[in-house]
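Working notes, structure below.
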Amino acid sequence: MLQHQLQHVDIILASQSPRRQELLKGLDLDFKIETRPVDEVYPTTLVGGQITAYLSVLKASAFADSLKKSQLIITSDTIVWVDDHALMKPESRQDALEMLTAISGRMHEVYTSVTFTTAQLQETITDQTQVYFKPLSQEEISYYVDKYQPMDRAGAYGIQDWIGYVGIEKLVGCYYNVMGLPLPLVYQWLKTNANRL
């Protein structure tokens, strides 16, 4: 099993997201959590998954000066992409309301990139999911923002809570990708590359 293949690796998940932590635990792996601050700014020429890939690598760069041979750093970034524009985490209640209004009644894309970094290698994988929202009333949007306070979530929503239950019509792609970690791809990468780590 994967945990046996990786027993010699010191895995560090560089994410404060409780969703990512919960998802990685679901693979029955032992890991530590350590985050380092980075200024999450990206070139304006980047689009879609290029943004998440850039930011995921940027987060990994904070560990570059202290990587030990046995360590594997896992960094990740997620955005909602709509109207050729990235929705990151909302900065205010009004920002959250506007984001949810923008994605109500239509399809948007969620991109997540995951970067695997060791002293010897660095590789990034990116997944994309299409999310179709039913039309939401302003009352529903306000209720969700006020009750669930989705300020730490790209696009101002979490697929795994109330708004996902009532608002999402269908998905094309990976559900876990929308939560912030495309688990099937992560598992496959770890399984394929265990002997390189």
Side-chain angles (χ1 to χ4, degrees), residues 1-81 86-91 110-129 149-156 158 160 174 176-197:
M1 293 304 293
L2 187 58
Q3 56 267 47
H4 178 71
Q5 291 177 272
L6 295 173
Q7 61 186 356
H8 63 291
V9 182
D10 183 14
I11 300 173
I12 297 172
L13 176 65
S15 175
Q16 293 178 332
S17 163
R19 273 87 53 196
R20 290 195 184 114
Q21 295 168 15
E22 176 191 341
L23 288 170
L24 194 60
K25 278 179 191 166
L27 294 183
D28 292 340
L29 296 176
D30 292 324
F31 62 92
K32 297 171 187 166
I33 296 161
E34 182 183 342
T35 58
R36 296 186 183 178
V38 293
D39 193 9
E40 295 185 30
V41 177
Y42 59 89
T44 55
T45 52
L46 300 182
V47 297
Q50 295 172 343
I51 296 170
T52 52
Y54 179 91
L55 291 175
S56 185
V57 170
L58 184 67
K59 291 173 184 178
S61 69
F63 292 84
D65 59 348
S66 60
L67 266 175
K68 298 186 177 72
K69 191 176 180 185
S70 62
Q71 288 180 325
L72 169 65
I73 310 294
I74 300 177
T75 52
S76 188
D77 194 78
T78 301
I79 62 164
V80 166
W81 184 255
L87 302 183
M88 316 293 275
K89 296 170 185 173
E91 296 179 0
V110 176
Y111 289 92
T112 298
S113 294
V114 183
T115 299
F116 303 92
T117 305
T118 71
Q120 298 84 28
L121 66 86
Q122 183 174 77
E123 291 184 11
T124 301
I125 58 174
T126 299
D127 203 3
Q128 179 246 34
T129 303
Q149 298 290 315
M151 300 304 165
D152 65 336
R153 301 174 184 196
Q160 71 280 11
C174 177
Y176 303 106
N177 184 55
V178 184
M179 281 184 71
L181 201 66
L183 272 186
L185 286 185
V186 169
Y187 178 81
Q188 191 59 44
W189 191 93
L190 291 169
K191 185 178 171 185
T192 303
N193 293 280
N195 60 348
R196 299 169 62 202
L197 302 176

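Hydrogens, waters and symmetry mates play no part in the numbers below; they use all other heavy atoms, side chains included.
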Polar contact flag, side-chain donor to acceptor under 3.5 angstrom, Thr112-Asn177: yes
Main-chain N/O of Ala14 paired with Lys59 side-chain donor or acceptor, under 3.5 Å: no
Close side-chain approach of Gln71 and Ile12, heavy atoms under 4.5 Å: yes
Pair Glu40 + Lys89, salt bridge at N-O below 4.0 Å: no
Neighbour count >12 (heavy atoms, 6.0 Å) for atom CG, Asp30: no
Backbone N/O of Ser15 and side chain of Gln21: donor-acceptor pair under 3.5 Å: yes
Glu91 atom CD: more than 12 heavy-atom contacts under 6.0 Å: no
Intermediate values then yes/no, side chain to side chain contact (heavy atoms under 4.5 Å, CB included), Leu181 and Tyr176: CA-CA 6 Å; Leu181 201 66; Tyr176 303 106; 5.9 Å; no
Exam field: side chain Ser56 to backbone Ala53, donor-acceptor pair closer than 3.5 Å: no
pair Ile74-Val114: side-chain heavy atoms closer than 4.5 Å: yes
Leu2 and Leu190, any side-chain heavy atoms less than 4.5 Å apart: yes
Phe116 and Trp189 aromatic ring geometry - parallel, tilted or perpendicular at 30°/60° bounds: parallel
side-chain contact (heavy atoms from CB on, under 4.5 Å), paired with Trp81, selected from Val110, Leu87, Ile51, Thr52: Ile51
Tyr187 to Leu27 - nearest heavy-atom pair and separation: CD1-CD2, 4.1 Å
Gln128: partners by side-chain hydrogen bond (donor to acceptor under 3.5 Å, both in side chains), with sequence neighbours left out: Glu109
Crowding at NE2, His8 (>12 non-hydrogen neighbours, <6.0 Å): yes
Test item: Tyr42 and Gln50 side chains (from C-beta on) under 4.5 Å apart, heavy atoms: no
Gap between atom CG of Asp28 and atom NZ of Lys25 - 0.5 Å precision: 12.0 Å
Minimum-distance pair of heavy atoms, taken over all atoms of Ala119 and Leu67: N-CD1, 4.0 Å
Where Gly155 and Val80 come nearest, the two heavy atoms and their spacing: CA-CG2, 3.8 Å
Min side-chain heavy-atom separation Lys32-Leu13 under 4.5 Å: no
Test item: Asp10 and Lys69 side chains (from C-beta on) under 4.5 Å apart, heavy atoms: no
Arg36 side-chain N/O to Ala62 backbone N/O, donor-acceptor pair under 3.5 Å: yes
Leu121: which of Leu72, Leu197, Asn193 passes side-chain contact (heavy atoms from CB on, under 4.5 Å): Leu197
Contact check, side chains of Ile73 and Thr118, non-hydrogen atoms, under 4.5 Å: no
From Ser113 atom OG to Ile125 atom CD1, the distance as rounded to the nearest 0.5 Å: 8.5 Å
Greater than 12 external heavy atoms within 6.0 Å of Gln7's CD: yes
Flag for Arg20-Thr78: side-chain donor and acceptor within less than 3.5 Å: yes
4.5 Å side-chain heavy-atom contact, Glu123 and Arg196: yes
Thr129 (side chain) donor-acceptor with Cys174 (main chain) under 3.5 angstrom: yes
Under 3.5 Å donor-acceptor, Arg19 side chain and Met179 backbone: no
Spatial distance of atom CG (Leu58) from atom CG (Asp39) [nearest 0.5 Å]: 8.0 Å
